[in-house]
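Ligands are counted one by one from 1 in listed order, and the atoms in each one are counted from 1 as well. Owing to the predicted nature of the structure, the values given are computational and were not obtained by experimental measurement.
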Amino acid sequence: MDCLVEKVVAVIMVGGPTIGTRFRSLSLTFPKPLFPLAGQPMVHHPITACKKIPNLVQVYLIGFYEEREFALYVSSISNELKVSVRYLKEDKPHGSAGALYNFRDLIMEDCPSHIILLNCDVCCSFPLVDMFEAHKRYGGMGTILVIKVSAELANQFGELVSDPVTNELLHYTEKPETFVSDLINCGVYIFTPDIFTAIQNVSVQRQEEANLRRVSSLEALHFAARTFPSDFVRLDQDILSPLAGKKQLYTYNTVDFWEQIKTPEMSLKCSSLYLAHFHSISPSLLANSNDTKKSTIVGDVFVHPSAKIHPTAKIGPNVSISANARIGSGVRLVNCIILDDVEIKENAVVMHSIVGWKSSIGKWSRIQAEGECNGQLRITILGEAVAVEDEVVVTSCIVLPNNTLTISVQEEIIL
Ligand SMILES: Nc1nc2c(ncn2[C@@H]2O[C@H](COP(=O)(O)OP(=O)(O)O[C@H]3O[C@H](CO)[C@@H](O)[C@H](O)[C@@H]3O)[C@@H](O)[C@H]2O)c(=O)[nH]1
């Protein structure tokens, strides 16, 4: 392998199925990284952004989902983008840095000069090309994409202080209890391969500490209860925090949109952000009245080519309709995600909602939202294969898969 040429490998951390996730009603049967936002799988957005980096040789998705769940997607995206995309399965969670280190030999086979590391569950314009240029100018081991958020929101993320002139990362605290800064870590990084040495150092240090403390069995027990195994390394707490202020890490500020996607409510919001992004970068991806057989399209809308829309339906803004959906006459859709194989019958209304795969919505029914929780609309989420009978109104409910709703419901979780 020629190591003199500049080569880039991208690694996207996709995590794995976790019990009690806030995405549960939708991720029971489907991995969250493949959930469609603006008609494309969540992970598709960072992959297409990576493709714009010159000399990209390989994209790896690292997670602890079963391999078969990603098989179809990675083969189709590899063909579409003409770049090799592979899913690498961890035998257990190793943490955001440990997972990268776990596959270091494979990643280094291509002899990359740089590694782009991305959290899968963030939504942004991924300004990787400009960030890459900045990273090369800074000359450090790593560059972190950062954004200013409101002081009230900042403590949900890694808060950091950066030198206003050199952009050096001076201080980093992960989700601090007391306010540090309104500048936060976006979960988008560019590293040189030296990142592997930094992770290895943490791992070795942990191992040595564990050996030293293995003095009495009681002490060892206490120690084990409050530490992680040596191969579990978190990028933020274990790497970024200790390396801040050592002229190794730098920041690149984005003024574009950025959100984290932990809840279905956020997926609806991020779908709208990506639709608006498509509007400016690839408007041909959005629907217009010509390709939906003259149904009325309002604002930014995505319609899969296999979906069938009645000419009298009115759709938008912020609507994304997936494969084989059937939308009947007089239907009104606003701010919603309609997943594969859904049928929406005559004169039904779906607003501020996500309708799961193979669900059916009866005639004159309403799927809608009312009221807010923590400043967010309480959207309705129908899991897979939910049937809503004719003239039923479902307001701000979460309905788990395979339920049939025969009467109207409001603000309920239907198991
Ligand atoms: N493969 C793999 N992925 C993992 C693992 N643990 C976490 N991840 C993935 O790594 C990313 C970060 O997840 P967390 O470590 O749970 O952190 P977080 O709460 O999402 O916060 C991080 O991201 C924020 C930006 O969204 C940052 O603001 C924050 O500082 C932190 O880095 C996610 O994409 C998650 O799926 C693991 O063991 N294995």
Completion exercise
Of all protein heavy atoms, the one nearest atom 28 (O) of ligand 1 is Asn185 O, 2.6 Å

Practice task
Would you please determine whether Arg234 falls within less than 4.0 Å of ligand 1 on a heavy-atom basis?
Solution key: no

Exercise for the section: Measure from the side-chain N and O atoms of Ser181 to the backbone N and O of Val161, and report whether any donor-acceptor pair falls under 3.5 Å. Expected result: no

Fill in the blank from the handout: Note: ligand 1 atoms sitting under 4.0 Å from heavy atoms of Ala99 are 1 (N), 2 (C), 39 (N)

Problem - Identity of the nearest option to atom 39 (N) of ligand 1, non-hydrogen atoms only, from Lys32, His94, Glu90 - result: Glu90

Handout entry: atom 29 (C) of ligand 1: nearest protein contact (heavy atom, Å)
Key = Glu174 OE2, 3.1 Å

Handout entry: NZ/NE/NH1/NH2 to OD/OE distance under 4.0 Å, Glu6 and Lys136
Key = yes

Problem - Residue, atom name and distance, where the atom is the protein heavy atom closest to atom 16 (O) of ligand 1 - result: Lys262 NZ, 4.4 Å

Exercise for the section: Would you mind reporting whether Ile147 and Leu183 have side-chain heavy atoms less than 4.5 Å apart? Expected result: no

Handout entry: Within-shell test, Gln156 vs ligand 1, heavy atom, strictly < 4.0 Å
Key = no

Problem - Element-labelled atoms of ligand 1 that are located less than 4.0 Å from some non-hydrogen atom of Gly15 - result: 1 (N), 2 (C), 3 (N), 4 (C), 36 (O)

Problem - Which segment of Ile184 sits under 4.0 Å of ligand 1 when only heavy atoms are counted - result: neither

Fill in the blank from the handout: So the atoms of ligand 1 within less than 4.0 Å of a heavy atom of Tyr172 turn out to be 30 (O)

Exercise for the section: Ignoring hydrogens and angles, tell me if any N or O in the side chain of Ser359 forms a donor-acceptor pair with the backbone of Val342 under 3.5 Å. Expected result: no

Completion exercise
The protein heavy atom nearest to atom 24 (C) of ligand 1 is Gln260 NE2, 3.6 Å

Problem - Contacting atoms of ligand 1, where contact means under 4.0 angstrom from a heavy atom of Phe64 - result: 37 (C), 38 (O), 39 (N)

Problem - Shortest protein contact, atom 23 (O) of ligand 1 (heavy atom only) - result: Asn119 ND2, 3.0 Å

Practice task
Please indicate, with yes or no, if any protein heavy atom is found under 4.0 Å from atom 19 (O) of ligand 1?
Solution key: yes

Practice task
State whether Glu370 and Arg378 are salt-bridged, where the test is any N-O pair (Lys NZ or Arg NE/NH1/NH2 against Asp/Glu carboxylate O) under 4.0 Å.
Solution key: no

Handout entry: Closest protein heavy atom to atom 32 (O) of ligand 1, given as residue, atom name and distance to 0.1 Å
Key = Asp236 OD2, 2.8 Å

Handout entry: Taking atom 10 (O) of ligand 1 as the reference point, the nearest protein heavy atom with its distance
Key = Met13 CB, 3.7 Å

Handout entry: Worked verdict on Asp238 versus Arg206 for salt bridge (charged side-chain N to carboxylate O under 4.0 Å, His left out)
Key = CA-CA 11 Å; Asp238 300 327; Arg206 283 236 177 98; 2.9 Å; yes

Practice task
Could you tell me the residue and atom name of the protein heavy atom closest to atom 15 (O) of ligand 1, and the distance to it rounded to 0.1 Å?
Solution key: Ser96 OG, 4.0 Å

Practice task
Before signing off on this row, confirm whether Gly187 and ligand 1 have an N or O atom pair separated by under 3.5 Å.
Solution key: no

Handout entry: Ile62 and ligand 1 - part of the residue with a heavy-atom distance under 4.0 Å
Key = both

Exercise for the section: Just jot down the ligand 1 atoms closer than 4.0 angstrom to any heavy atom of Val14, in number order. Expected result: 36 (O)

Practice task
Can you sort out which atoms of ligand 1 are near Lys175, meaning under 4.0 Å from one of its heavy atoms?
Solution key: 18 (P), 19 (O), 21 (O)

Handout entry: Sidechain-backbone polar pair: Ser271 side chain, Ala38 backbone, donor-acceptor under 3.5 Å
Key = yes

Handout entry: Steps toward side chain to side chain donor-acceptor pair (under 3.5 Å) verdict (Tyr172, Asn185)
Key = CA-CA 9 Å; Tyr172 185 95; Asn185 170 9; 2.9 Å; yes

Exercise for the section: Taking only Lys NZ, Arg NE, NH1 and NH2, and the carboxylate oxygens of Asp or Glu, determine whether Asp231 and Lys92 approach each other closer than 4.0 Å. Expected result: yes

Exercise for the section: Please determine if Gly95 has a nitrogen or oxygen closer than 3.5 Å to a nitrogen or oxygen of ligand 1. Expected result: yes

Problem - Contact check: Val122 vs ligand 1, nitrogen or oxygen atoms, below 3.5 angstrom - result: no

Practice task
Could you tell me whether ligand 1 has any atom less than 4.0 Å away from a heavy atom of Tyr189?
Solution key: yes

Handout entry: Residues Lys89, Glu67: salt bridge by 4.0 Å N-O rule
Key = no

Handout entry: Residues Gln207, Ser230; criterion side chain to side chain donor-acceptor pair (under 3.5 Å); working and verdict
Key = CA-CA 6 Å; Gln207 194 58 54; Ser230 60; 2.8 Å; yes

Practice task
List every atom of ligand 1 that sits less than 4.0 Å from any heavy atom of Cys120, numbering the atoms from 1 in the order shown and giving each element.
Solution key: 34 (O)

Problem - NZ/NE/NH1/NH2 to OD/OE distance under 4.0 Å, Lys262 and Asp121 - result: yes

Practice task
Pull out every atom of ligand 1 sitting under 4.0 Å from any heavy atom of Gly63, numbered as shown with elements.
Solution key: 1 (N)

Exercise for the section: Using the ring-ring contact (aromatic ring centres under 6.0 Å, His included) rule, pick out the option among Tyr65, Phe35, Trp357, Tyr73 that qualifies with Phe30. Expected result: Trp357

Exercise for the section: Return a yes/no value for Pro93: is any of its N or O atoms, backbone included, closer than 3.5 angstrom to an N or O of ligand 1? Expected result: no

Practice task
Taking Ser408 for its side chain and Val392 for its backbone only, find out whether a donor-acceptor pair lies under 3.5 Å.
Solution key: no

Exercise for the section: Please confirm whether Trp258 comes under 4.0 Å of ligand 1, counting heavy atoms of the residue only. Expected result: yes

Practice task
Kindly give the heavy-atom pair with the smallest separation between Thr143 and Met131, and that separation in Å.
Solution key: O-CE, 3.4 Å

Handout entry: Minimum side-chain heavy-atom gap Lys148-Val255 below 4.5 Å
Key = no

